[in-house]
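Only heavy atoms go into these numbers, but all of them, side chains included; no hydrogens, no water, no symmetry mates.
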Amino acid sequence: MVSTENISCVLAFFFDVFPFCRNTGDDDVSIKVLYCGICHSDLHTIKNEWRNAIYPVVAGYIHLLVTSSVTNQSHEIAGVVTEVGKNVARFKAGDNVGVGCMVNTCRSCESCEEGSENYCSRIVFTYNSVDRDGTVTYGGYSELVVVSERFVVRFPDGLPLDRGAPLLCAGVTVYAPMKQHGLSEPGKHVGVIGLGGLGHVAVKFAKAFGMKVTVISTSPEKRQEAVERLGADAFVVSTNASDMKSVMGTMHGIINTACASTSMHPYFALLKPKGKMILVGLPEKPLQVSAFALVGGGKTLAGSCMGSITDTQEMMDFAAKHGVAADVELVRADEVNTAMERLAKGDVRYRFVIDIGNTLKTD
């Protein structure tokens with residue numbers, strides 16, 4: 001198992017040994033990396049909490065492959081285009097762009113053909129995945145990545161690169177299911193379980209949609225933050241029976257961002273008949289779900305994984321239009337150790353973003 005204290009040396013290793021990507025292919029976009037968000041899934045993978053880590057793991061960025069196939073990309077990359085291949089029509093040098101969670105798909109299955117490539121059975125994730133040529137994607141923080149045009153999204157004007165980087169994962173992870181399940185209609189009531197990297201963005205999107213938002217948390221100290229700064233309409237403490245009773249049967253849907261494995265029964269009680277709970281967090285242990293909690297009110301328990309490239313671009317455009325961006329703490333590349341330790345304790349408001357561009361410029 002790789003501990004978080006090894007990350008800085010691995011980071012330095014990748015800077016020194018893999019400073020260059022493959023040449024820009026005809027369908028590729030070369031990107032100077034400026035910012036990269038640190039996702040909680042990076043920590044899960046490093047600690048092998050999902051029991052699927054392929055070591056060595058370098059979480060967060062692209063494995064700099066030198067192959068003829070699509071080069072794998074990093075999690076939550078934000079940067080500027082430096083060069084494009086001759087077949088690339090959507091981007092040009094100088095454009096601000098981003099790259100999210102997926103790096104390749106089969107491109108021919110039903111999911112891919114209908115624009116839901118995030119559910120392709122042969123999806124290749126940014127790291128800890130095996131590409132179509134059999135190469136393991138390792139990650140590795142870099143100042144330059146070469147990416148297939150197909151997996152690049154445009155940063156709209158007005159959306160800052162640093163605060164926009166986490167939207168490439170956290171943003172689309174909550175935005176896509178809200179749109180898919182009708183939880184983006186003005187006037188509806190949505191609950192958000194957990195006020196972390198995903199949860200705080202879910203609150204912002206829900207308010208931008210014109211919805212009533214209630215934050216559900218185990219941390220009473222987050223009440224003021226949720227209501228006064230993020231704009232939630234209400235805040236309930238999940239361990240407070242009186243709080244939970246006050247919103248029982250009032251919600252059209254719940255976005256569950258929690259990573260803890262607890263009983264779902266109290267949360268299903270908050271839903272209206274035919275209400276929906278959408279899971280976007282990934283607990284290590286199985287959920288505790290009562291069939292009676294679902295069947296009695298015709299309620300739905302659904303899961304959602306990221307979003308398609310179309311979803312991601314739509315989300316970025318919506319975010320820019322409505323002033324939605326992540327709340328971030330910028331860290332230098334040599335501060336990743338500390339950031340990971342704080343992330344493990346939940347000590348971040350609400351997303352760490354590595355300042356790759358200025359770190360390398362300074363060093």
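No side-chain donor-acceptor contact under 3.5 Å links K204 to the backbone of L230. Judged purely by atom type and a 3.5 angstrom limit, H200 uses its side chain to pair as donor or acceptor with the backbone of G196. A donor-acceptor pair under 3.5 Å is formed between the side chain of D233 and the backbone N or O of V213. Distance alone, capped at 3.5 Å, places no donor-acceptor pair between the R122 side chain and the C106 backbone. No side-chain donor-acceptor contact under 3.5 Å links R351 to the backbone of P166. The backbone N or O of T82 sits nowhere less than 3.5 Å from a side-chain atom of S30 that would complete a donor-acceptor pair. Formation of a donor-acceptor pair under 3.5 Å by the E329 side chain with backbone atoms of R349 is found in this model. Under the 3.5 Å distance criterion, the side-chain polar atoms of R332 are left unmatched by any main-chain donor or acceptor of T359. A distance-only check finds no donor-acceptor pair linking the side chain of D27 to the backbone of V88 [under 3.5 Å]. H252 places a side-chain N or O within donor-acceptor distance of the main-chain N or O of H189, the cut-off being under 3.5 Å.
Within a 6.0 Å radius of NE2 in H265, no more than 12 heavy atoms belonging to other residues, nucleotides or ligands are found. By the 6.0 Å contact criterion, CG on D157 is open, its count of non-hydrogen atoms from other residues, nucleotides or ligands being 12 or less. Counting non-hydrogen atoms of other residues, nucleotides and ligands closer than 6.0 Å to CD of E221 gives a total above 12. E114 CD: more than 12 foreign heavy atoms inside a 6.0 Å radius. Within a 6.0 Å radius of NZ in K207, other residues, nucleotides and ligands contribute more than 12 heavy atoms.
Between the side chains of E110 and Y119, no donor N or O sits under 3.5 Å from an acceptor N or O. Checked by atom type, the side-chain pair D317/Q313 shows a donor-acceptor distance below 3.5 Å. Side-chain polar atoms of S111 and S116 form no donor-acceptor pair below 3.5 angstrom.
Expressed to the nearest 0.5 Å, how far CG of N104 lies from OG of S148 amounts to 7.5 Å. To the nearest 0.5 Å, atoms CD1 (I216) and CG (N240) are separated by 13.0 Å. Distance check, rounded to the nearest 0.5 Å: CG of L330 to CD1 of I356 gives 11.0 Å. To the nearest 0.5 angstrom, F205 atom CZ is 11.0 Å from L198 atom CG.
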### Task
Carefully, step by step, assess V331 and D355 under the rule side-chain contact (heavy atoms from CB on, under 4.5 Å).
CA-CA 6 Å; V331 296; D355 189 349; over 6 Å; no
### Task
I would like to know whether I38 and L343 meet side-chain contact (heavy atoms from CB on, under 4.5 Å); could you show each step before the answer?
CA-CA 9 Å; I38 298 178; L343 180 60; 4.0 Å; yes
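For residues 257-266, no pair satisfies salt bridge (Lys or Arg N to Asp or Glu O under 4.0 Å), with sequence neighbours left out. The side chain to side chain donor-acceptor pair (under 3.5 Å) pairs that include a residue from residues 290-310 are S308-D311, where partners are two or more places apart or lie in different chains.
Side-chain atoms of V236 and V215, non-hydrogen and from C-beta on, never get closer than 4.5 Å to each other.
The salt bridge (Lys or Arg N to Asp or Glu O under 4.0 Å) with D95 is formed by just one residue from the set R154, K32, R90; it is R154.
Under the 6.0 Å cut-off for aromatic ring centres, Y175 and F209 qualify, their centroids lying closer than that.
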